[in-house]
Amino acid sequence: MVLRPATPADIPRLVALERTPTARHFVGQWSEERHFETMTGGDARYFVSENDAGELQAYAILRGLAEATRSLELKRIVVARTEQGLGRKMLHEILEIAFSELHAHRLFLDVFEDNERARHLYESLGFVYEGTLREAAQRDGHFCNLRLMSLLDREYAQHKK
Ligand SMILES: CC(C)(COP(=O)(O)OP(=O)(O)OC[C@H]1O[C@@H](n2cnc3c(N)ncnc32)[C@H](O)[C@@H]1OP(=O)(O)O)[C@@H](O)C(=O)NCCC(=O)NCCS
């Protein structure tokens, strides 16, 4: 396992991680208070990955647990040192948690249209493009398209084989 459940003590480090130049290009930045409310609110699960020295390497947020729809959202995933394979490992664990432990029917996410690394990763894990949320996000004063993607439980089962 590369992931462990996060605790409120992790929040300052994950807030710092989502403010790094690589991350902030592709994910939003929340305040510590917003992360605390989300982490402790009963609708989300936070996961972190640390190296042997105890330094934060990555984190991810699943939310939608309190909904009856069994439709979970991968709200955020951020890796400190990209393209070393950690994102793929985390996603394997997150998919297993979402579908096998939390019994999700659907796992969905949105991704910036120009985030080719993330899109490649999601597609390679079986996520299906659902449509474009036109100019739904802002970056550096410009509106950007987001792509909605999802994976259903039966697709995950098929993809795992
Ligand atoms: C997206 C993110 C979580 C992925 O984690 P990672 O550890 O960098 O990813 P990995 O190293 O496991 O895998 C990256 C894959 O993308 C591929 N890739 C890299 N650049 C690419 C590009 N420009 N186009 C297509 N594929 C690309 C790599 O070859 C690799 O694929 P492979 O395993 O099939 O060879 C990480 O890059 C990140 O935190 N980015 C900033 C925040 C972010 O974008 N979060 C996601 C928001 S939806």
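Basis for what follows: all heavy atoms, side chains included, without hydrogens, waters or symmetry-related copies.
Both Ile94 and Val111 belong to a single network of hydrophobic side chains, linked directly or stepwise wherever heavy atoms of I, L, V, M, F, W or Y lie under 4.5 Å apart. Leu72 and Val78 fall into different hydrophobic clusters, where Ile, Leu, Val, Met, Phe, Trp and Tyr are joined by side-chain heavy atoms under 4.5 Å apart, directly or via other members. In this structure, Leu91 is a member of the same hydrophobic cluster as Leu102, with clusters built from ILVMFWY side-chain heavy atoms closer than 4.5 Å. The hydrophobic clustering, which links ILVMFWY residues whose side-chain heavy atoms are closer than 4.5 Å, places Tyr156 and Leu125 together. Under a hydrophobic-cluster definition in which Ile, Leu, Val, Met, Phe, Trp and Tyr are linked whenever side-chain heavy atoms come within less than 4.5 Å, directly or via other members, Leu17 and Met90 are assigned to different clusters.
Here the side chain of Arg24 pairs no donor or acceptor atom with the backbone of Gln29 at under 3.5 angstrom. No side-chain donor-acceptor contact under 3.5 Å links Gln57 to the backbone of Ala80. Judged purely by atom type and a 3.5 angstrom limit, Arg70 uses its side chain to pair as donor or acceptor with the backbone of His103. The main-chain N or O of Phe112 is never found under 3.5 Å from a side-chain atom of Asn115 such that the two would form a donor-acceptor pair. With Glu155 contributing its side chain and Leu152 its backbone, the two residues share a donor-acceptor pair below 3.5 Å. Side chain of Asn145 to backbone of Glu135: a donor-acceptor contact under 3.5 angstrom is found. Formation of a donor-acceptor pair under 3.5 Å by the Arg76 side chain with backbone atoms of Gly28 is found in this model.
Put simply, the side chain of His35 reaches to within 4.5 Å of the side chain of Val15, judged on heavy atoms. Side-chain atoms of Glu96 and Glu101, non-hydrogen and from C-beta on, never get closer than 4.5 Å to each other. Between Arg139 and Phe26, some side-chain heavy-atom pair lies under the 4.5 Å cut-off. For the pair Glu113/Cys144, no side-chain contact is recorded, criterion being any heavy-atom separation below 4.5 Å from C-beta on. Annotation: side chain of Met149 is not in contact with side chain of Asp110 (no heavy-atom distance under 4.5 Å). Arg88 places a side-chain heavy atom less than 4.5 Å from the side chain of Leu121.
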Using the rule given for side-chain contact (heavy atoms from CB on, under 4.5 Å), can you reason through Leu151 versus Val128, listing the C-alpha separation, both sets of side-chain angles and the distance that settles it, and then say yes or no? CA-CA 6 Å; Leu151 182 64; Val128 175; 5.9 Å; no
Report the C-alpha separation of Arg154 and His105 in whole Å, then their side-chain angles, then the decisive distance to 0.1 Å, and conclude whether the side-chain contact (heavy atoms from CB on, under 4.5 Å) test is met. CA-CA 8 Å; Arg154 60 181 177 275; His105 173 58; 4.0 Å; yes
Glu37/Trp30 under side-chain contact (heavy atoms from CB on, under 4.5 Å): CA gap, chis, key distance, verdict: CA-CA 11 Å; Glu37 280 166 21; Trp30 286 359; over 6 Å; no
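Expressed to the nearest 0.5 Å, how far CG of Leu3 lies from NZ of Lys89 amounts to 11.0 Å. Within the model, atoms CD1 of Ile11 and CZ of Arg34 stand 13.0 Å from one another, a figure rounded to the nearest 0.5 Å. With rounding to the nearest 0.5 Å, the separation of CZ in Phe127 from NE2 in His159 is 10.0 Å.
The aromatic rings of Tyr59 and Tyr46 lie parallel to each other, their planes meeting at an angle below 30°, with 60° marking the opposite boundary.
In terms of heavy atoms, Phe47 sits closest to Leu62 at CE1-CD1, 4.0 Å. When all heavy atoms of Ile77 and Val27 are compared, the closest pair comes out as O-CG1, 4.2 Å. The nearest pair of heavy atoms linking Ala66 to Asp43 is N-OD1, 2.7 Å. Closest non-hydrogen pair, Leu65 versus Gly42, comes out as CB-O, 4.4 Å. Across Leu107 and Leu74, no two heavy atoms sit closer than the pair CD1-N, 3.8 Å. A pairwise comparison of heavy atoms in Ala44 and Ile61 identifies CB-CG2, 4.3 Å as the closest pair.
Other residues, nucleotides and ligands contribute over 12 non-hydrogen atoms within 6.0 Å of the NZ atom of Lys75.
With hydrogens and angles left out, the side-chain atoms of Glu123 and Tyr129 include no donor and acceptor closer than 3.5 Å. Between the side chains of Thr132 and Arg147, no donor-acceptor pair is found at a separation under 3.5 Å.
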Side-chain atoms of residues 49-56: list all donor-acceptor pairs with protein atoms under 3.5 Å, sequence neighbours left out, distances to 0.1 Å.
from, atom 1, to, atom 2, distance (Å)
Ser49, OG, Val2, O, 2.9
Glu50, OE1, Arg4, NE, 3.4
Glu50, OE2, Arg4, NH2, 3.0
Glu50, OE2, Arg13, NH2, 2.8
Asn51, OD1, Ala53, N, 3.0
Asn51, OD1, Gly54, N, 3.1
Asn51, OD1, Glu55, N, 2.8
Asn51, ND2, Glu55, OE1, 2.7

